[in-house]
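Comments concern the structure below.
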Amino acid sequence: MIRIQAETIDYTALTEAVRSPQSGAVCLFLGTVREMTDGKQTAALTYEAHVTLAAKLMAQVEGETRSRWPVQEIMLVHRTGHLGLGEISVAVAISCPHRHQAFDACRYAIDRLKEIVPIWKKEHWATGGTEWVHPDS
Amino acid sequence: MVRVRLFAGLQEFAKHGEIQLHWRDGMTVGQVRSAIIRETPTIEPLLTRSKAAVGEELAEDHMEVPDAAEVSFLPPVSGG
């Protein structure tokens, strides 16, 4: 299941949502707002999404992940809006029969999400000023 | 008419996140891109690096844009 939301991510509920007696392993990844980037101090981040396309491509990430590993349940959740330091911007919760599957599937899902899903962050620097982040490659 | 949506850093150049363009028969995604650059030349470096979507489908520059379509330009993503 995928979700794009303005509300705080409840990672406890997400983790519970993927647990099951069929799964021997649950992996949870949380992306959180980091204070320092290349020596520059962040005060906050704003996330913007092309919501309908992002939802479609997050569903594609779920499908790709399920086709590669025996995923029992997967939750992909991304925040939008204004986030303070330490807040959770993205969460992947995943359950599989065995731990190596859960680790690999979780890693794949977050890497693929960051590669293809149309969501962007804007840095609000502690010294003032803002800057959209657009990687070179 | 074609509704053009500009996301993230592209908005900083164009002042507005949305632009309306007159539709022409045979209009392509690449022509929409060129029209925006003519209007706002400073947007070119980032717009050139941006993917396009027509509706909810990713689209190449040679693809035609139907009348009343929504064309989105998506700069390199940085979610997560």
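Note that these values count all heavy atoms, side chains included, but never hydrogens, waters or copies made by symmetry. By convention in this document, chain letters (A, B, ...) are assigned in the order of the sequence lines, proteins followed by strands, and residues within each chain are numbered from 1. Note that the coordinates shown come from a computational prediction; the quantities given were computed from them, not determined experimentally.
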**Q.** Structural part of A:S89 lying under 4.5 Å from a heavy atom of chain B
**A.** side chain

Q) By a 4.5 Å heavy-atom criterion (distance strictly below it), what part of A:K56 contacts chain B: side chain, backbone, both, or neither? A) side chain

Q | Part of A:A49 lying under 4.5 Å from any heavy atom of chain B | A | backbone

Q. Is it the side chain or the backbone of B:A8 that comes within 4.5 Å of chain A heavy atoms, both, or neither?
A. both

Q.
Test your reading of the model: is there a side-chain donor-acceptor pair from A:E64 to the backbone of A:V61, 3.5 Å cut-off?
A. no

Q) Which region of A:K121, side chain (C-beta onward) or backbone (N, CA, C, O), has a non-hydrogen atom less than 4.5 Å from a non-hydrogen atom of chain B, or is it both or neither? A) both

(Q) Determine whether a donor-acceptor pair (N or O, by modelled atom type, separation under 3.5 Å) exists between the side chain of A:T37 and the backbone of A:K40. (A) no

Q.
Taking the basic N atoms (NZ, or NE/NH1/NH2) and the acidic carboxylate oxygens, is any pair closer than 4.0 Å for A:K122 and A:E131?
A. no

(Q) Is the ring pair A:W120/B:F7 parallel, tilted or perpendicular, if the boundaries are 30 and 60 degrees? (A) parallel

Q. Tell me, side chain or backbone of A:E115 under 4.5 Å from chain B's heavy atoms, or both, or neither?
A. backbone

Q) Checking heavy atoms, do the side chain of A:H78, its backbone, both or neither come under 4.5 Å from chain B? A) side chain

Q. Hey, what do you get for CZ (B:F73) to CG (B:L10), rounding to the nearest 0.5 Å?
A. 9.0 Å

Q) Quick one: CG on A:L83 to NE2 on A:H124, what's the gap to the nearest 0.5 Å? A) 10.0 Å

Q | chain B contact via A:V133 - which portion, at a heavy-atom distance below 4.5 Å | A | both

Q: Calculate, to the nearest 0.5 Å, the distance between atoms CE and CE belonging to A:M1 and A:M58 respectively.
A: 10.0 Å

Q: Check each atom of B:E12 against the heavy atoms of chain A and say whether the ones under 4.5 Å are side chain, backbone, both or neither.
A: side chain

